[in-house]
Amino acid sequence: MLDSPPIPLVEVTRGRIIESVHFGSITACLADGSVLLAAGAQKTPYYLRSASKPFQALAFLERAGAEKNGLEEEEIALMCASHFGTDRHMAVLEKLQEKAGIVESMLQCGLHPPHDQETAERMDREGVPLHPNRNNCSGKHTGMLAFAKMIGAPIENYLETDHPVQEAILRTHAEMCGLRAEKLITGIDGCCAPVFAVPLKSAALAYARLCQPDVFEEKRVLACQKITASMSAHPFMVAGPGAFDTEGM
């Protein structure tokens, strides 16, 4: 059950009347945990889904994953992305996989048509089969596989919750949220990877710390800065043409 009900956030009007109302919850806080704004359900855990991707990449990057694999900003941004599967995304992803020693057949994210409609329609016309690299989470999965390969962990079960990569991600994510690891609720995302649910304030705190990571040791500070710099410099890699987050950045 919700600790308090969500509130009306958006009213859609048609003519002079309100036709529909969209409810939700909001939290904004600083990196020290000070709450600037809170409305709606605050203690109820929410799955962050793809909003977790920067934190799932963080565990790899703070262990010098970028330096050891010679990764560039575009490739780091793609690991944090829900990309649209365009040919441009594929070119960067294939370069990332080549550097990390990963092949597409290792990915366990499944198949779906590219989110970019033009690319999906072209592939359909040309009879091009779907493949894992076009999955919007393939950058994240490539990062997880690169992490496993770097630390000498098994590849075939990299999505199991007790795998060293997933355990490291869980610990790192919890620390960013200011929580003990056992407080995070674990589920399975649409791409078959573990995903975490946390209260809204904890999620807001994690993002505030991602942008102002000074409370952490130097290796995490540098990794957070790599993530924010890469996503900001290459917003197309984070999503794709016409996407709200790409256009916003």
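Computed from a predicted structure; not experimentally measured. Positions are given from 1 along the sequence.
Atoms CG and NZ, on Leu61 and Lys219 in that order, are 12.5 Å from each other to the nearest 0.5 Å. Residue Glu94 holds its CD atom at 10.0 Å from OG1 of Thr142, rounded to the nearest 0.5 Å. To the nearest 0.5 Å, atoms CE (Met79) and CE (Met144) are separated by 11.0 Å. Thr172 contributes atom OG1, which lies 4.5 Å from atom CD of Glu62 (distance to the nearest 0.5 angstrom). To the nearest 0.5 angstrom, Leu130 atom CG is 6.0 Å from Leu111 atom CG. In this structure, CG on Leu145 lies 7.0 Å from CE on Met106, to the nearest 0.5 angstrom.
Heavy-atom minimum distance, Ala174 versus Ala181: CB-CA, 3.6 Å. Shortest non-hydrogen contact noted between Leu9 and Gly24 is CD1-CA, 3.5 Å. The two residues Tyr46 and Ser25 come nearest to each other via the heavy atoms OH-OG, 3.4 Å. Between Val21 and Pro8, the shortest heavy-atom distance links the atoms CG1-CB, 3.7 Å. Across Gly85 and His89, no two heavy atoms sit closer than the pair N-ND1, 3.7 Å. Taking every heavy atom of both residues into account, Pro6 and Phe23 meet most closely at O-CD2, 3.7 Å.
The closest donor-acceptor contact from the side chain of Thr13 to the backbone of Arg16 lies at 3.5 Å or more, if one exists at all. A distance-only check finds no donor-acceptor pair linking the side chain of His173 to the backbone of Leu170 [under 3.5 Å]. Under a 3.5 Å cut-off, the side chain of His115 and the backbone N or O of Asn135 do not form any donor-acceptor pair. Checking side-chain atoms of Ser138 against main-chain N and O of Asn133 turns up a donor-acceptor pair under 3.5 Å.
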From CA spacing to verdict: side-chain contact (heavy atoms from CB on, under 4.5 Å), Lys140, His83: CA-CA 10 Å; Lys140 176 182 76 175; His83 68 78; over 6 Å; no

Trace of the side-chain contact (heavy atoms from CB on, under 4.5 Å) decision for Lys68 with Arg63: CA-CA 9 Å; Lys68 291 177 181 178; Arg63 289 163 176 78; 5.6 Å; no

Test side-chain contact (heavy atoms from CB on, under 4.5 Å) applied to Met90 and Thr119, step by step: CA-CA 11 Å; Met90 293 303 96; Thr119 302; over 6 Å; no

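Phe84 and Leu107 sit in two unconnected hydrophobic clusters of ILVMFWY residues. Membership requires side-chain heavy atoms under 4.5 Å apart, directly or through other members. Residues Val165 and Met150 are members of one and the same hydrophobic cluster, defined by side-chain heavy-atom contacts under 4.5 angstrom among Ile, Leu, Val, Met, Phe, Trp and Tyr. The hydrophobic clustering, which links ILVMFWY residues whose side-chain heavy atoms are closer than 4.5 Å, places Val92 and Leu96 together. Leu200 and Leu184 fall into different hydrophobic clusters, where Ile, Leu, Val, Met, Phe, Trp and Tyr are joined by side-chain heavy atoms under 4.5 Å apart, directly or via other members. Residues Leu36 and Leu210 are members of separate hydrophobic clusters, defined by side-chain heavy-atom contacts under 4.5 angstrom among Ile, Leu, Val, Met, Phe, Trp and Tyr.
Residues Gln42 and Val35 are not in side-chain contact: their nearest non-hydrogen atoms beyond the backbone lie 4.5 Å or more apart. Inter-residue side-chain proximity for Cys224 and Met176 is flagged as met; some heavy-atom pair is nearer than 4.5 Å. Side-chain contact between His22 and Ser20: present, with at least one pair of heavy atoms (C-beta onward) separated by less than 4.5 Å. Between Pro199 and Leu179, some side-chain heavy-atom pair lies under the 4.5 Å cut-off. The closest side-chain heavy-atom distance from Thr44 to Ser4 is not below 4.5 Å.
Sorted pairs that involve residues 195-207 and meet side chain to side chain donor-acceptor pair (under 3.5 Å), not counting sequence neighbours, are lacking altogether. Applying the salt bridge (charged side-chain N to carboxylate O under 4.0 Å, His left out) test to residues at least two apart or on different chains, none of the pairs has a partner in residues 110-121. Applying the ring-ring contact (aromatic ring centres under 6.0 Å, His included) rule to pairs touching residues 143-165 yields Phe60-Phe147, His141-Tyr158, sequence neighbours excluded. Each salt bridge (charged side-chain N to carboxylate O under 4.0 Å, His left out) pair with one or both residues in residues 145-174, not counting sequence neighbours, would appear here, but there are none.
Counting side-chain heavy-atom gaps under 4.5 Å among Ile, Leu, Val, Met, Phe, Trp and Tyr, Leu205 is found in no cluster with other residues.
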Under 3.5 Å, which donor-acceptor pairs do the side chains of residues 231-249 form with other protein atoms, sequence neighbours left out?
| unit_1 | atom_1 | unit_2 | atom_2 | d |
| --- | --- | --- | --- | --- |
| Ser232 | OG | Thr228 | O | 2.8 |
| Thr246 | OG1 | Pro235 | O | 2.8 |
| Thr246 | OG1 | Gly240 | N | 3.1 |

For residues 49-59, tabulate all N or O donor-acceptor pairs below 3.5 Å that involve a side-chain atom, not counting sequence neighbours.
| unit_1 | atom_1 | unit_2 | atom_2 | d |
| --- | --- | --- | --- | --- |
| Arg49 | NE | Asp189 | OD1 | 2.4 |
| Arg49 | NH2 | Asp189 | OD1 | 3.0 |
| Ser50 | OG | Lys53 | NZ | 3.4 |
| Ser50 | OG | Ser82 | OG | 3.1 |
| Ser52 | OG | Arg49 | O | 3.3 |
| Lys53 | NZ | Ala81 | O | 2.8 |
| Lys53 | NZ | Ser82 | OG | 2.8 |
| Gln56 | NE2 | Pro194 | O | 3.3 |

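For Gln225, the side-chain hydrogen bond (donor to acceptor under 3.5 Å, both in side chains) test picks out no residue, with sequence neighbours left out. Partners of Glu175 by salt bridge (Lys or Arg N to Asp or Glu O under 4.0 Å), not counting sequence neighbours, listed by chain and number: Arg220. Applying the salt bridge (Lys or Arg N to Asp or Glu O under 4.0 Å) criterion to Lys43, with sequence neighbours excluded, gives no partner residue. Checked against salt bridge (Lys or Arg N to Asp or Glu O under 4.0 Å), Glu67 has the following partners two or more places apart in sequence or in another chain: Lys226. In this structure, the salt bridge (Lys or Arg N to Asp or Glu O under 4.0 Å) partners of Arg180, at least two apart in sequence or on a different chain, are Glu182.
With salt bridges taken as basic N to acidic carboxylate O contacts below 4.0 Å, none links Arg209 and Asp32.
Side chain to side chain, Asn69 and Glu75 fail the donor-acceptor criterion of an N or O pair below 3.5 Å.
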